[in-house]
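Counting starts at 1 for both ligands and their atoms, in listed order. Bear in mind that the values here come from a model prediction, so they are computed numbers and not experimental data.
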Amino acid sequence: MNVLVAGGAGFIGSNFIRYWLERHPGDRVLNLDLLTYAGNLESLADVASAHADRYTFVRGDIGNVDLIEHLLTEHGVDVVVNFAAESHNSRAVLDPASFFRTNVLGTQGLMEACRRAKTPRVHHVSTCEVFGDLDLDSTDAFSEEHPYRPRTPYNAAKAGGDFVVRSYHETFHLPVTLSTCANNFGPFQFPEKLIPLFTANAMDDLPLPLYRSSQNRREWLYVTDHCRAIELILEKGRIGELYNIGSGVEQSVEEITDRVLALLGKPETLKTYVPDRPGHDRRYLLNSAKIRRELGWEPAVGFEEGMRLTVEWYCANEAWWRPLKERLAVQEGSWGGR
Ligand SMILES: NC(=O)c1ccc[n+]([C@@H]2O[C@H](COP(=O)([O-])OP(=O)(O)OC[C@H]3O[C@@H](n4cnc5c(N)ncnc54)[C@H](O)[C@@H]3O)[C@@H](O)[C@H]2O)c1
């Protein structure tokens with residue numbers, strides 16, 4: 001099988017490519033990525049040499065319909081998985097336009113290319129954040145039927161992309177599935193995101209910038225469990241359906257910070273409280289009963305084990321993340337009058 005992975009040089013996409021090539025020895029993977037500040041081919045350097053005959057990289061924009069149609073046809077692509085997106089909520093406050101360009105219009109370009117090339121199977125990766133947020137004391141969890149109520153430019157743009165994908169299914173019968181996933185963590189995550197940023201800062205005895213609302217909670221999933229869920233959706237998912245992917249494990253930002261500090265043996269005095277990001281969502285929690293019931297998925301890596309693996313990975317891979325810290329686009333807490 002020939003698989004085109006869009007956004008494969010990012011955090012989850014690179015983990016997915018590694019996962020797929022290991023588990024599907026007969027398949028070829030074509031990685032299409034624009035290499036924005038968040039894309040990094042170093043994340044796949046080992047894969048590119050170990051699987052040189054089955055792995056190809058092409059630099060390109062998911063909005064470039066002609067390029068992608070050509071690639072889909074030339075490589076006989078059977079499956080497209082779309083991870084490509086602008087993904088950092090904090091950066092979306094500073095430059096919302098780039099989020100709508102890639103996450104909505106870019107997604108439309110990719111779907112149009114798939115339609116023209118008659119791609120047999122398309123999967124679009126989305127986020128729990130499209131559903132909006134929950135009260136901290138709510139007993140609710142978002143099911144797949146929950147209305148989309150995005151609150152930030154990032155999650156509004158992701159919601160827009162999801163509607164594009166659904167419209168290509170309903171109108172043009174493009175054989176799509178979608179998934180909305182909880183917060184991921186694991187190796188190769190850009191050090192702008194909470195766990196890698198705090199790990200990297202703590203290793204250097206630098207302050208860890210917590211938002212004042214540090215009791216805000218997220219649901220956490222180890223990245224390979226996300227990859228496995230997408231694999232199952234591709235194998236057994238029903239066309240046109242959305243699947244929630246969540247662990248059910250919630251942790252506040254404060255709890256995550258304490259765990260990073262404990263794993264590294266660093267003092268609590270590194271915690272520094274900064275102004276909240278505008279529109280900062282309080283809490284997300286998914287009801288993942290559908291994927292567990294229909295596809296038999298469940299997480300394999302527990303939260304504590306995943307945190308230990310992640311922090312150990314960042315300790316052992318400074319050469320990977322140190323150059324990326326220079327590229328950080330956002331100073332957390334510097335929202336000015338926004
Ligand atoms: N990280 C999470 O916790 C999480 C949770 C749920 C869903 N998601 C979704 O999963 C997907 C991947 O997230 P991530 O954390 O790996 O993001 P990331 O920012 O690490 O990677 C995104 C990748 O997309 C590429 N890209 C950006 N714009 C592009 C364009 N126009 N054309 C081609 N490539 C482009 C970037 O170069 C980068 O390699 C996103 O769609 C995101 O919304 C992420």
Pick whichever of [options] has a heavy atom sitting closest to [atom].
atom                    : options                     : result
atom 26 (N) of ligand 1 : Thr36, Leu32, Leu110, Asn15 : Thr36
atom 27 (C) of ligand 1 : Ala85, Ala84, Gly7          : Ala85
atom 6 (C) of ligand 1  : Ser14, Cys181, Ser98        : Cys181

Classify the contact between [X] and ligand 1 as side chain, backbone, both or neither, using a heavy-atom distance cut-off of under 4.0 Å.
X      : answer
Asn82  : neither
Ser126 : backbone
Glu129 : neither
Ala182 : backbone

Next on the checklist: Ignoring hydrogens, what is the shortest heavy-atom contact between Leu210 and Glu254? Give both atom names and the distance.
Outcome noted: CD2-OE1, 3.8 Å
Checklist entry - Ala9 and Ser43: which non-hydrogen atoms are nearest, and at how many Å? => result O-OG, 4.5 Å
What atoms of ligand 1 come within less than 4.0 Å of a heavy atom belonging to [X]?
X      : answer
Gly39  : 37 (O), 38 (C), 39 (O)
Asp61  : 30 (C), 31 (N), 32 (N)
Leu35  : 37 (O)
Asn183 : 3 (O)

Please list the nearest protein heavy atom to [atom] with its residue and the distance rounded to 0.1 Å.
atom                    : result
atom 28 (N) of ligand 1 : Thr102 CG2, 3.6 Å
atom 8 (N) of ligand 1  : Ile12 CD1, 4.0 Å
atom 18 (P) of ligand 1 : Ser87 OG, 3.6 Å
atom 12 (C) of ligand 1 : Phe83 O, 3.3 Å
atom 32 (N) of ligand 1 : Ile62 N, 3.0 Å
atom 42 (C) of ligand 1 : Tyr154 OH, 3.5 Å
atom 15 (O) of ligand 1 : Phe11 CD2, 3.7 Å
atom 3 (O) of ligand 1  : Asn184 N, 2.8 Å

Item to check | Polar proximity ligand 1 side, Lys158 side, N/O cut 3.5 Å exclusive | outcome: yes
Checklist entry - For Lys193 and ligand 1, does the shortest N/O to N/O distance drop below 3.5 Å? => result no
Checklist entry - Any idea how Phe16 and Phe83 line up, ring-wise: parallel (<30°), tilted (30 to 60°), or perpendicular (>60°)? => result tilted
Checklist entry - Does Asp281 have any salt bridge (charged side-chain N to carboxylate O under 4.0 Å, His left out) partners at least two apart in sequence or in another chain, and if so, which? => result Arg151
For this output row, return yes or no: ring centroids of [X] and [Y] closer than 6.0 angstrom.
X      : Y      : result
Trp313 : Phe188 : yes
Tyr211 : His280 : yes
Phe185 : Tyr222 : yes

Item to check | Ion pair check, Glu250 and Arg217, cut-off under 4.0 Å | outcome: yes
Next on the checklist: Whether Arg282 and Asp276 form a salt bridge (side-chain N of Lys/Arg under 4.0 Å from carboxylate O of Asp/Glu) is what I want to check.
Outcome noted: no
Checklist entry - Would Gly60 count as a contact of ligand 1 if the rule is a heavy atom under 4.0 Å away? => result yes
Checklist outcome for this item: Taken to the nearest 0.5 Å, the spacing of Trp20 CH2 from Asn15 CG works out to 15.0 Å
Checklist outcome for this item: Those residues at least two apart in sequence (or on a different chain) that pass side chain to side chain donor-acceptor pair (under 3.5 Å) with Asp162 are His124, Ser126, Tyr148
Checklist entry - Are side-chain heavy atoms of Lys325 and Leu206 found at a separation under 4.5 Å? => result yes
Next on the checklist: Against the six-membered ring of Phe172, is Arg115 placed for a cation-pi contact (under 6.0 Å from the centre, within 45° of the normal)?
Outcome noted: yes
